[in-house]
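Here's the structure we're looking at; comments come further down.
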Amino acid sequence: METPAYSPQELEAAVQQRWHDQQTFKAAATPSGEKFYALAMFPYPSGQLHMGHVRNYSIADAIARYQRMRGKEVMQPMGWDAFGLPAENAALKHGLAPAQWTMDNIAHMRGQLQRLGLSYDWSREFATCTPDYYRWEQWLFVKLWEKGLVYQKLSTVNWDPVDQTVLANEQVVDGCGWRSGAPVEHKEIVQYFLRITAYAEELLSGLDTLSEGWPEQVLTMQRNWIGRSEGAEIHFPLAAGDGVIKVFTTRPDTLMGATYLAVAPEHPLAVQAAENSAELAAFLERCRHGSVSEASIETQEKEGHPLGLNVRHPLTGVELPVWTANFVLMGYGEGAVMSVPAHDQRDFEFAHKYGLPVRAVIQTEGIVTGGEAMTEAYTGSGTLFNSGTFDGLANEEAKSRITAAVAAKGLGRKTVNFRLRDWGISRQRYWGTPIPMIHCPHCGVVPVPERDLPVILPTHYQLKDPRSPLLDDPEFTQVACPQCGAAARRETDTMDTFVESSWYYARFACPDAGQMLDQRAADWLPVDQYVGGVEHAVLHLLYARFFNRLLRDVGLLPADGAHDEPFRHLLTQGMVLKDGSKMSKSKGNTVDPQGLIDRYGADTARLFILFAAPPEQHLEWSDSAVEGAYRFLNRFWRLVHEYGATPPALPADLSAEAVDLRRAVHQCIDRVSRNMDGRYHFNVAIAAIMELTNSLMKVPADAPADLRAVLGEGLRALTLLLAPFAPHIAEVLWGKLGQNSVISHASWPVADAGALRCDTVTLVIQINGKLRERMDFPADADHASVEQTVLAHPAMQHHLEGKTVRKVIIVPGRLVNVVAG
RNA sequence: GCCCAGGUGGCGAAAUCGGUAGACGCAAGGGACUUAAAAUCCCUCGGCUUAUGCCGUGCCGGUUCGAGUCCGGCCCUGGGCACCA
């Protein structure tokens, strides 16, 4: 019979229609068996699916399909992270409403995703820009405000003086506004903060519970981000007048070496001192330019200026000058540092630049500390000197002794500091969740009462400039105070879009709930496998871990310990690179996957992208390698069709050749299974599938019945093994092999231990670690007989001529190394 | 600047524990089939020298019978750095 051509377009459409009609991937409201919640990070609807999406969703779907075949009850949802800056940019550019642009993009991208044949339960889909979703964020915001977990404080933003608007770090290009080109200024405005630092200890200790399921790299990054450090808070009294400058240090042992203090340019004392010094005022003004991002602050030239005031050293009473420096961060610790040039490299460089004294107080053998000969700071451990009563102490011991001495004078204490800062969630932008607060001239800041939620974001504006249209819309801003009824003004700031992505995974369990979450969230959570880009290793993943605890603490998730962490296993996929750098919409170096899918079909696109690199590694894009995946699917298609329908039963007695082929079949099942289970080395799994296909293709059509039967067994196994990667073709070929069931719900094959057994092993024979020979041995040969056989072998005698055998190392099943000299 | 990764043939990569370096695929070259092309199938494919040899996993050094893998020190590339998502 003629083999029909493999035409993926029609085939995939038909299979997708069947899945749709049979609701193959719809998950129950509540799982009854062993549940598996598979989740890929939901996309921002930028307009076009890009390769990163295809990779992300192919990986997550392969996992979901594999777990489904392993008998788990799988739920895999999909939705849209729909608020954000690009919608405003696009709206400005094209004169559209951001809502319209966003919804059009969602419609288009939904079609693209559906074309990929991902096993989603589409009935759970939502977009975060709809009031049904963001209203619960507003509800939670008010709850957290009442609990004191939301508060207001001044914070620095990038300000474009021409466009009169706040800029995102991304919109600051070389220190200037991206549209206006004007030099960016720092501006302090009142913003809302979520008290994530109240959860710092728990977010840190929770990482220990994830050591099995999360990549070590991500855990390390989060630990460093939270940055718990033990040290001391030390107060330096002002020499003139009342008051102290508080500093935090992890090195109280070096206190006797402090020669000056440095405060942030925004520090109140710096601002106050500038009133009497034009030069200082000019310096502070210079510091007010450039991006506020940490990267730009840390890489700029280190500069400082004296404030013209002194503090007293808390122990010696000696007066030390106070400087301001552009590298001191207002947001970390107290916005001030004590400077010990001898034992801190940045202080050392700063002191040399400005001629400030260097006083060494820690010494160790072989290192010069102090004097002209010192060329860099000594930051290691050692013994104290130049330190009065502390001389001779080991520096670790000195930390607690000096802290105690300072504390005894009421000028400090031992403390724990975190690098983690509270999360500022106010955005002076339009396209986001309105912050549900009202500013009343009499009552101050008042939350919107629950009965008035949601505060709906108007969507009818046409944007003309970057300024938020909410500011100029009296229908939105004019409101009566919920407390006193007086005329009040509605808050026009919106929330950081990271808020939406911090709890969507929970909402997917109960997308239609009449409250933020209901019991179904507890039933489906935690997510069993989360898949997304490494670029989210810190921010998104930390915020979601924080939110999950907030949800627990307002009673929406059980406080049973099993629901503290939102994501049990995490796979951080590598980026798709083009020409060596990240493929991203902002860089404009994207490759449109649509052409790939149109030409070769979804199965080829998926198979190629999973085969090209292991999921965690970066994938450098290349157009040329796709053909190979397509050729393989064609080969497999022909092989199954040429074989025909239902395979015959396996005879009891198999020829040696059939036994070998059957071993290859079961080795393949074993290899693919081991590379799937928890490891997800898809590229190796697919290579094993290709390898067995090559072997099976060598079986001739007129081979003996036993060989043909093993071939049939192999084809059935291969089709099952291929199903997570190329599900459409697997579905059709499964039917071709005489199976009536849907392969998506078929059982994953299990390797037969008997078929894997092998009577002989090939050992590699080395002399001094260099490969010389290969020899076959019975699988159960003992060491003595192996050694004897190897040394007696003529080739070995030749190699060993004139040498003395000193030792023979035998690694069972692998090699023999003869040490000779 | 700080934090985290990665570096293996012409290319993407493979190598549970320290034990045959380069599976599988791409590209390339040769051949079969064909009037021809496409498709398909077969063969070769790290380097040097053409050997039963030597060298080879970014660079330098170390541990070991044995190092892509472990240790120390560098170099290069990528990602994150709190308002891109």
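In the text below, chain A, chain B and the rest are named by the order of the sequence lines, each starting its count at 1. None of the values given here were measured: they were computed from a predicted structure.
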Inset, instruction - Consider only side-chain N and O atoms of A/Y504 and A/W80, and report whether a donor and an acceptor are under 3.5 Å apart. - result: no
Legend entry - Heavy-atom neighbours of A/R679 CZ exceed 12 at 6.0 Å: yes
Legend entry - Neighbours of RNA chain B within residues 681-693 of chain A, by heavy-atom distance under 4.0 Å: A/N683, A/V684, A/A687, A/M690, A/E691
Inset, instruction - Look at all strands and tell whether A/P614 reaches a base, only sugar-phosphate, or nothing, counting heavy atoms closer than 4.0 Å. - result: sugar-phosphate
Legend entry - More than 12 heavy atoms of other groups within 6.0 Å of A/K153 NZ: yes
Inset, instruction - Select one nucleotide: of B/A85, B/A13, B/G19, the one nearest the side-chain heavy atoms of A/D81. - result: B/A85
Inset, instruction - Examine the side chains of A/T379 and A/Q345 and answer whether a donor and an acceptor come within less than 3.5 Å of each other. - result: no
Legend entry - Verdict with supporting geometry, A/R427 and A/E88, salt bridge (charged side-chain N to carboxylate O under 4.0 Å, His left out): CA-CA 13 Å; A/R427 296 292 180 269; A/E88 292 185 30; over 6 Å; no
Inset, instruction - Would you kindly check whether a donor in the side chain of A/R674 faces an acceptor in the base of B/U16, or vice versa, at under 3.5 angstrom? - result: yes
Inset, instruction - May I ask you to evaluate whether A/N169 reaches the phosphate of B/C81, defined as a side-chain N or O under 4.0 Å from OP1 or OP2? - result: no
Inset, instruction - Could you tell me whether A/T299 contacts a base, only the sugar-phosphate backbone, or nothing, with contacts defined as non-hydrogen atoms closer than 4.0 Å? - result: base
Legend entry - Side chain of A/P86 (C-beta onward), nearest among B/A85, B/G19, B/A14: B/A85
Legend entry - Atom-pair distance (OH on A/Y44; P on B/A85), nearest Å: 7 Å
Distances under 3.5 Å between nitrogen or oxygen atoms of protein and nucleotides 68-73 of chain B:
none

Inset, instruction - Would you classify A/V166 as touching base, sugar-phosphate or nothing, given that sugar-phosphate means primed atoms plus P, OP1 and OP2, and contacts are heavy atoms under 4.0 Å? - result: base
Inset, instruction - May I ask you to verify if any side-chain N or O of A/R427 is less than 4.0 angstrom from the OP1 or OP2 atom of B/C83? - result: yes
Legend entry - Side chain of A/E170 - closest among B/A85, B/C84, B/A13: B/C84
Inset, instruction - Could you tell me whether A/Q345 contacts a base, only the sugar-phosphate backbone, or nothing, with contacts defined as non-hydrogen atoms closer than 4.0 Å? - result: nothing
Inset, instruction - Tell me which nucleotide among B/C83, B/A85, B/G12 gets nearest to the side chain of A/V157. - result: B/C83
Legend entry - Dot-bracket summary - RNA chain B, pairs being Watson-Crick or G-U whose distances fall under 3.5 Å, with | when paired to another strand: (((((((..(((......[....))).(((((.......))))).(((....)))..(((((..]....))))))))))))....
Inset, instruction - Please name all residues satisfying salt bridge (charged side-chain N to carboxylate O under 4.0 Å, His left out) with A/D163, sequence neighbours left out, ordered by chain then number. - result: A/R179
Inset, instruction - Take the protein atom CG of A/L633 and the nucleotide atom C1' of B/C24, then report the distance between them rounded to whole Å. - result: 15 Å
Legend entry - Separation of B/A85 C1' from A/H536 NE2 (nearest whole Å): 6 Å
Inset, instruction - May I ask you to check whether A/D496 and A/Y543 show a side-chain donor-acceptor distance below 3.5 Å? - result: no
Legend entry - Touch class at under 4.0 angstrom, heavy-atom based, for A/N634 against every strand present: nothing
Anything under 3.5 Å between a donor and an acceptor, one on a side chain of residues 807-821 of chain A, the other on a protein residue two or more places apart or in another chain? List them.
unit_1, atom_1, unit_2, atom_2, d
A/N817, OD1, A/N768, N, 3.3
A/N817, OD1, A/G769, N, 2.9

Legend entry - B/G9, syn or anti by chi within 90 degrees of zero: syn
Legend entry - Pair A/T760, A/D776: side-chain N/O donor-acceptor within cut-off below 3.5 Å: no
Inset, instruction - Flag the pair A/Y530 / A/W214 as yes when their ring centroid distance falls below 6.0 Å, and as no otherwise. - result: no
Legend entry - A/M41 CE to B/C84 P, straight-line distance once rounded to whole Å: 17 Å
Scan nucleotides 64-67 of chain B against the protein and return all N/O pairs shorter than 3.5 Å with their distances rounded to 0.1 Å.
unit_1, atom_1, unit_2, atom_2, d
B/C65, O2, A/N817, ND2, 2.4

Inset, instruction - Check side-chain hydrogen bond (donor to acceptor under 3.5 Å, both in side chains) between A/T299 and all other residues, then give those that pass, not counting sequence neighbours. - result: none
Legend entry - Ring geometry between A/H540 and A/F498 (parallel below 30°, tilted from 30 to 60°, perpendicular above 60°): parallel
Inset, instruction - Between A/A295 and A/T762, name the one whose nearest nucleotide on RNA chain B is closer to the 5' end. - result: A/T762
Legend entry - More than 12 heavy atoms from other groups under 6.0 Å of CD on A/E212: no
Inset, instruction - Return the value, rounded to whole Å, for the distance between atom CE of A/M775 and atom P of B/U20. - result: 17 Å
Legend entry - Between P of B/A82 and CD1 of A/I425, the distance in whole Å: 17 Å
Legend entry - 5′-ward residue of the pair A/D670/A/A168 relative to RNA chain B: A/D670
Legend entry - Nucleotide nearest A/L420 (side chain, heavy atoms from C-beta), chosen from B/C83, B/A82, B/G1: B/A82
Inset, instruction - Say whether A/N417 and A/S229, considering side chains only, have a donor N or O and an acceptor N or O under 3.5 Å apart. - result: no
Legend entry - Ion pair A/R223/A/E216, N-O distance below 4.0 Å: yes
Inset, instruction - Going 5' to 3' through nucleotides 49-55 of chain B, assign each nucleotide B (protein heavy atom under 4.0 Å from a base atom), S (under 4.0 Å only from sugar-phosphate atoms) or - (no protein heavy atom that close). - result: ---BSSS
Inset, instruction - Would you mind reading off the distance between A/F193 atom CZ and B/C83 atom C1', rounded to a whole angstrom? - result: 11 Å
Inset, instruction - Check side-chain hydrogen bond (donor to acceptor under 3.5 Å, both in side chains) between A/S673 and all other residues, then give those that pass, not counting sequence neighbours. - result: A/W748
Inset, instruction - Compare the minimum distances between each of B/A85, B/C41, B/C24 and the side chain of A/R635, then state the nucleotide with the smallest one. - result: B/C41
Inset, instruction - Please state whether the rings of A/Y134 and A/F83 are parallel, tilted or perpendicular, taking 30° and 60° as the class boundaries. - result: tilted
Inset, instruction - Indicate whether the side chain of A/N169 and that of A/S291 have a donor and an acceptor atom separated by less than 3.5 Å. - result: yes
Legend entry - Quiz item: cation-pi between A/K302 and A/F350, 6.0 Å / 45°: no
Inset, instruction - Assign A/G424 to base, sugar-phosphate, or nothing according to its heavy-atom contacts below 4.0 angstrom with the strands shown. - result: sugar-phosphate
Legend entry - For A/S695, all residues meeting side-chain hydrogen bond (donor to acceptor under 3.5 Å, both in side chains), sequence neighbours excluded: none
Inset, instruction - For A/D344 and B/G1, give me the distance from atom CG to atom P, rounded to whole Å. - result: 16 Å
Inset, instruction - Determine if the base of B/C17 is syn or anti; take syn to mean the glycosidic torsion is within 90° of 0. - result: syn
Using a cutoff of under 3.5 Å, can you pull out all pairs of nitrogen or oxygen atoms linking the protein to nucleotides 4-7 of chain B, with atom names and distances?
unit_1, atom_1, unit_2, atom_2, d
B/C4, O2', A/Q217, NE2, 3.3

Legend entry - Sugar-phosphate, base or nothing in reach of A/M796, heavy atoms under 4.0 Å: nothing
Legend entry - From B/A82, B/A85, B/C83, nucleotide with atom closest to A/Q428 side chain: B/C83
Inset, instruction - Could you tell me whether the phosphate oxygens of B/A27, OP1 or OP2, come under 4.0 Å of any side-chain nitrogen or oxygen in A/R631? - result: yes
Legend entry - Residues which pass side-chain hydrogen bond (donor to acceptor under 3.5 Å, both in side chains) with A/Y600, listed by chain and number, not counting sequence neighbours: A/E627
